[in-house]
Amino acid sequence: MLFRSTGTRPYDGTNDASSSILTISNNLDGVNLTLSGSSILASGNVGSESISDFSGLALGGSAATNYTLSGASGSVLVTSTALSITANAQNKTYGTALSLGTTAFTVGGTLAGSQTVTAVVLTASGGTVATDPVSGSPYTITPSAATGTGGFQAANYNITYNTGALTVNPLPVILAGTRLYDGTTNATNSILSVANTVGSDNINVASGSAGLASANIGTNAITSFGTLALGGTAT
């Protein structure tokens, strides 16, 4: 009788199918017919793959003479292996644009052989444009469409894509102003303005006073922001 077999195993990057995962589908003799060795599949990819080479298999048991591997047929269902890809957390300062790139991610699970995931598509719900506000932070980063090397094919894995967070941090203001010498180190809000506003943002120094490094004439750094408070629609 011509030998027929079927089996199931998880994806492992090889096209081997050992006898331990094979069932003789036309076994009329029960335990009197056994199988050892291994076979070769037409492909190692996920899906139903036909057995293309039976030469590594051997029949055993008292009923072995009733069957032949010559002209045998069979197939193995290769199932996908679990893998997770998580977008790494990223951050930026308001007023700067951000490119998410393709490599800020972490892989969980076991990749077959020498396979590696080298890139994913990273998409943010916001935050990458210079003017995306701090108030919307944290934004969501979603990974997808993994690619790789060493024979990696995303279709061979059951990939769970996990989101990450993009945090937009407030932009430290740069203040500038001019006043007459008065012998003090005070700088009131009325003489100060924000020198590094982003786009058309409306922001001002609403109240309070700051302390200067020196009371002397010249450009003096603000060393204490004291009671200053920012105002405007962009605060």
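Side-chain atoms are counted along with the backbone in the values below, which use heavy atoms only and exclude waters and symmetry mates.
- Put simply, OG on S52 and CG on N15 are 7.0 Å apart, with the number rounded to the nearest 0.5 Å.
- Counting only heavy atoms from C-beta outward, the side chains of L33 and L59 approach each other to under 4.5 Å.
- Under a 4.5 Å side-chain heavy-atom cut-off, the cluster of Ile, Leu, Val, Met, Phe, Trp and Tyr residues that includes Y181 is completed by I217.
- Each of T110, I85, V46, L111 was scored for a side-chain contact (heavy atoms from CB on, under 4.5 Å) with Y157, with one residue passing: L111.
- Other residues sharing a hydrophobic cluster with V121 under the 4.5 Å side-chain heavy-atom criterion for ILVMFWY residues do not exist; the residue is a singleton.
- Taking OG of S39 as the start and CG of L41 as the end, the distance is 5.5 Å to the nearest 0.5 Å.
- Inter-residue side-chain proximity for I51 and I40 is flagged as unmet; no heavy-atom pair is nearer than 4.5 Å.
- Using a distance-only test at 3.5 Å, with no hydrogens or angles considered, no donor-acceptor pair links the side chain of K92 to the main chain of T167.
- Within the 4.5 Å cutoff, the side chain of Q90 has heavy atoms near those of the L122 side chain.
- Here S62 contributes atom OG and N32 contributes atom CG; the two are 3.5 Å apart, rounded to the nearest 0.5 Å.
- Under a 3.5 Å cut-off, the side chain of T34 and the backbone N or O of G60 do form a donor-acceptor pair.
- When all heavy atoms of V134 and V168 are compared, the pair lying nearest together is CG1-O, 3.6 Å.
- Within the structure, the side-chain hydrogen bond (donor to acceptor under 3.5 Å, both in side chains) test picks out the following pairs touching residues 95-108 (sequence neighbours left out): N88-T106.
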Derivation of the side chain to side chain donor-acceptor pair (under 3.5 Å) call for T116 and T149: CA-CA 5 Å; T116 58; T149 60; 2.7 Å; yes
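- Shown here for N162 and S84, the closest heavy-atom pair between the two residues is ND2-CB, 4.0 Å.
- The closest side-chain donor-acceptor pair between N158 and S80, if any, does not fall under 3.5 angstrom.
- Summarising the geometry of A124 relative to L166, their closest heavy-atom pair is CB-CD2, 4.4 Å, with the distance given to 0.1 Å.
- Between the side chains of S20 and S18, at least one donor-acceptor pair of N or O atoms lies under 3.5 Å.
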Going through the checks in order, is the side chain to side chain contact (heavy atoms under 4.5 Å, CB included) test met by L28 and N26? CA-CA 6 Å; L28 304 180; N26 60 340; 5.7 Å; no
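- For T14, the side chain to side chain donor-acceptor pair (under 3.5 Å) partners two or more places apart in sequence, or in a different chain, are D12.
- The stretch residues 176-198 participates, sequence neighbours left out, in these salt bridge (Lys or Arg N to Asp or Glu O under 4.0 Å) pairs: R179-D182.
- Residues forming a side chain to side chain donor-acceptor pair (under 3.5 Å) with E49 (at least two apart in sequence, or on another chain): none.
- Through direct or indirect side-chain contacts shorter than 4.5 Å among Ile, Leu, Val, Met, Phe, Trp and Tyr, L175 is connected to V173, I191, L192, V194, I203, V205, L212, I222, F225, L228, L230.
- Within the model, atoms OG1 of T147 and CD of Q153 stand 12.0 Å from one another, a figure rounded to the nearest 0.5 Å.
- The side-chain hydrogen bond (donor to acceptor under 3.5 Å, both in side chains) analysis of residues 190-202, with sequence neighbours excluded, yields the pairs Y94-D201, T188-S190.
- Evaluation of the side-chain hydrogen bond (donor to acceptor under 3.5 Å, both in side chains) test over residues 208-226, restricted to residues two or more places apart or in two chains, returns S214-N216.
- Counting all heavy atoms, side chain and backbone alike, V76 lies closest to A17 at CG2-CB, 4.0 Å.
- The side chain to side chain donor-acceptor pair (under 3.5 Å) check on S43 picks up N45, with sequence neighbours excluded.
- The line from CG of N169 to OG1 of T93 is 5.5 Å long, rounded to the nearest 0.5 Å.
- Residues in residues 118-133 take part in no side-chain hydrogen bond (donor to acceptor under 3.5 Å, both in side chains) pair, two or more places apart or across chains.
- To the nearest 0.5 Å, atoms CG (N204) and CG (N189) are separated by 8.5 Å.
- By the 4.5 Å heavy-atom criterion applied to side chains, T8 and I21 are not counted as neighbours.
- Between the side chain of T81 and the backbone N or O of Y11, at least one donor-acceptor pair lies under 3.5 Å.
- When all heavy atoms of A146 and V117 are compared, the pair lying nearest together is CB-CG1, 4.0 Å.
- Under the rule for a side chain to side chain donor-acceptor pair (under 3.5 Å), Y139 has no partner lying at least two apart in sequence or in another chain.
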Would Y67 and D29 count as a side chain to side chain donor-acceptor pair (under 3.5 Å) here? Give the steps. CA-CA 10 Å; Y67 300 81; D29 294 275; 2.7 Å; yes
Applying side chain to side chain contact (heavy atoms under 4.5 Å, CB included) to L83 and T160, what does each step give before you reach the verdict? CA-CA 6 Å; L83 201 68; T160 300; over 6 Å; no
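- Considering every non-hydrogen atom in both S25 and S5, the closest pair reads OG-N, 3.8 Å.
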